[in-house]
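Read through the structure below, which is laid out as structure tokens, and then see the notes.
Quick caveat, the model's predicted, so the values are computed rather than measured. Atoms within each ligand, like the ligands themselves, are counted from 1 in listed order. Counting begins at 1 with the first residue of the sequence.
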Amino acid sequence: MEQMYEALGISKEVYTFGEEILKELKERFEQIDEIAEYNQMKVIKAMQENRVAENHFAATTGYGYNDSGRETLEAVYASCFHTEAALVRPQITCGTHALAVALSANLRPGDELLSPVGKPYDTLEEVIGIRDSMGSLKEYGITYRQVDLLEDGSFDYPGIRQALNDRTKLVTIQRSKGYQTRPTLSVARIGELISFIKSIKPDVICMVDNCYGEFVETVEPSDVGADMVVGSLIKNPGGGLAPIGGYICGRKDCIDQCAYRLSAPGLGQEVGANLGILPSFYQGFFLAPTVVAGALKGAIFAANIYERLGFKVVPNGRESRHDIIQAVEFGTPEGVIGFCEGIQAAAPVDSYVTPEPWDMPGYDAPVIMAAGAFVQGSSIELSADGPIKPPYAVYFQGGLTWYHAKLGILMSLQRLTKRGVIKPQNLTNSCRHS
Ligand SMILES: *Cc1c(COP(=O)(O)O)cnc(C)c1O
């Protein structure tokens, strides 16, 4: 094994260091496998209940009337998420699009949108109109209110009570921390928040941005009162196979609104040819629980490795996990760059290219990104990125298999050693320490 890793460019010291860390993670990994097993059964049950059959994989074209493959897939998602209805299709281009559809479909001029968990994901700022943008909800006369989390990451219940008003129609709750430093919300905490909100305003629609959270736990936000859960198929539930798509699962009346908004009033869910893409949606969903487990193992492995070497990691090495994102603070540009170089060098695709920081539109500092993906921009595949500015943190996620995630992390360590960010003696000292 050591020789195989050596052939890929991993030194004996780095490999041994990784194995030492891994020994301590056996129990954690067993827990992850158990969740994956449960979720695998949940997906199979949903597929059996809806009598998934070979004919559901056939392509449809044109209007796509009576597309039983599309309808059955949506029924499978609804069964799995325990919701009345679901909208799952390639016509939803990404997670942001799914969220924009869910919001704009269920809000009307004069309504107010509330985020009780602080600022939402960057791309939603323009959807909502927090940053002025063409076609935003703001342009349609929908206002927005936000209540930040308290210093310690808890909910500001008095603030939320005060923010809820006659016009509050929809509450958006983001499960994952995204690229912020707040903790990711567990499904249980989301459930508490929804109960509180519904106790004050029972008819308000509670929507959860579920991106990066699917299958990390055995329950989903729709099991604890969410009226809609929304996500991207090039993240967790696509299992790495879906080449495009988004989903919205939830209450029938909410999903109907979404369908009429996505296609057209009067048409709704009845149109939308699948163009032959459904096998990857079905198979990806089938594989998703184990793919997510692999990504989680990678995140925990990285947290423990870099924590041992003295870097700040969020979440830390022992915390329970509610999404697949791992942040590591290096404190120097070399740290961020070296880490990303390693992830890139370990990729099955484009491993020979060297990522470099560049001035991306919309960012106030150069950003470096590493991804060698089969699907462009897919972040369920092993990927990393970080802005070149203090605190010089890198965010990384994904890995279609645990072994690939492991190689990526070892390779990052290798590059950081080469760049002098990590001293070779630190690897051996830390081992002896444990
Ligand atoms: C990725 C992500 C989105 C947006 O999804 P895209 O597919 O990139 O458009 C929204 N919210 C969160 C929390 C995300 O992680």
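Between D209 and ligand 1, at least one N/O pair is under 3.5 Å apart. Between T96 and ligand 1, an N or O atom pair is found at a separation short of 3.5 Å.
The side-chain heavy atoms of V230 and Y247, taken from C-beta on, include no pair separated by under 4.5 Å.
Contacts with ligand 1 closer than 4.0 Å are made by heavy atoms of both the backbone and the side chain of C94.
In this view, R167 and E112 satisfy the salt bridge (charged side-chain N to carboxylate O under 4.0 Å, His left out) rule, not counting sequence neighbours. Every residue meeting the ring pair (Phe, Tyr, Trp, His ring centres under 6.0 Å) condition with Y65, not counting sequence neighbours, appears here in chain and number order: Y63.
Ring geometry for Y282 against F57 counts as perpendicular: the plane angle is over 60°, on a 0 to 90° scale with 30° as the lower cut. Using a 30° and 60° split on the angle between ring planes, W402 and F29 fall in the perpendicular class, above 60°.
Using a 4.0 angstrom heavy-atom cutoff, L99 counts as in contact with ligand 1. In this structure, K235 is part of the shell of residues with a heavy atom less than 4.0 angstrom from ligand 1.
In this structure, the separation between CD1 on I244 and OG on S280 is 10.0 Å, given to the nearest 0.5 Å.
Interface of G95 with ligand 1, defined as ligand atoms under 4.0 Å from a residue heavy atom, comprises 5 (O), 6 (P), 7 (O), 9 (O). Contact atoms of ligand 1 toward Q174: 13 (C) (distance under 4.0 Å to a heavy atom of the residue). Taking every heavy atom of S232 and a limit of under 4.0 angstrom, the matching atoms of ligand 1 come to 7 (O). Shown in contact with Y212 at under 4.0 Å from a heavy atom are these atoms of ligand 1, numbered in order with element: 15 (O).
Taking the charged nitrogens against the carboxylate oxygens, K198 and D227 do have a contact shorter than 4.0 Å, which makes a salt bridge.
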